[in-house]
Amino acid sequence: MVNGVDDFGLILGGSGCGEQIAANKIRGVRAALCHCVFTAEIARPTTMRNVLVMVRKWWHPTSPSGY
């Protein structure tokens, strides 16, 4: 994103808060911390976020939340 090669990014972090703050300090990055499918779906069209930050401690492949 910063050098124009990628359009989107994904960050998995412990709580996600620190990762989102750190990512948003980088010029050209607009990170959204998403805890569920709904927040992930509305982050892109409403606020033009280009980085998805997800909570690694809650994530599981069979999670009922859908991500």
Problem set entry | Derivation of the side chain to side chain contact (heavy atoms under 4.5 Å, CB included) call for Val55 and Leu33 | CA-CA 8 Å; Val55 181; Leu33 176 57; 4.2 Å; yes
For this session: Share the residues that join Ile42 in a hydrophobic cluster, the rule being Ile, Leu, Val, Met, Phe, Trp or Tyr side chains under 4.5 Å apart at the heavy-atom level.
Result: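 Besides Ile42, the hydrophobic cluster comprises Phe38, listed by chain and residue number.
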Exercise. Any link between Ile21 and Leu12 through a network of hydrophobic side chains (Ile, Leu, Val, Met, Phe, Trp, Tyr) touching at under 4.5 Å?
Worked result: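 Ile21 does not cluster with Leu12.
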For this session: Taking all non-hydrogen atoms of both residues into account, name the closest pair between Val29 and Asn24 and its distance.
Result: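 It is O-OD1, 3.6 Å.
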Exercise. Is any side-chain heavy atom of Arg30 closer than 4.5 Å to a side-chain heavy atom of Arg49?
Worked result: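 Yes, at least one pair of side-chain atoms sits under 4.5 Å.
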For this session: Quick one: list whatever passes side-chain contact (heavy atoms from CB on, under 4.5 Å) with Thr39, sequence neighbours left out.
Result: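 Residues passing side-chain contact (heavy atoms from CB on, under 4.5 Å) with Thr39: Cys34, Cys36.
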For this session: Sequence neighbours left out, what passes side-chain contact (heavy atoms from CB on, under 4.5 Å) with Glu19? Give chain and number order.
Result: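 Testing Glu19 for side-chain contact (heavy atoms from CB on, under 4.5 Å), a comparison that skips the adjacent residues, returns Ile11, Val53.
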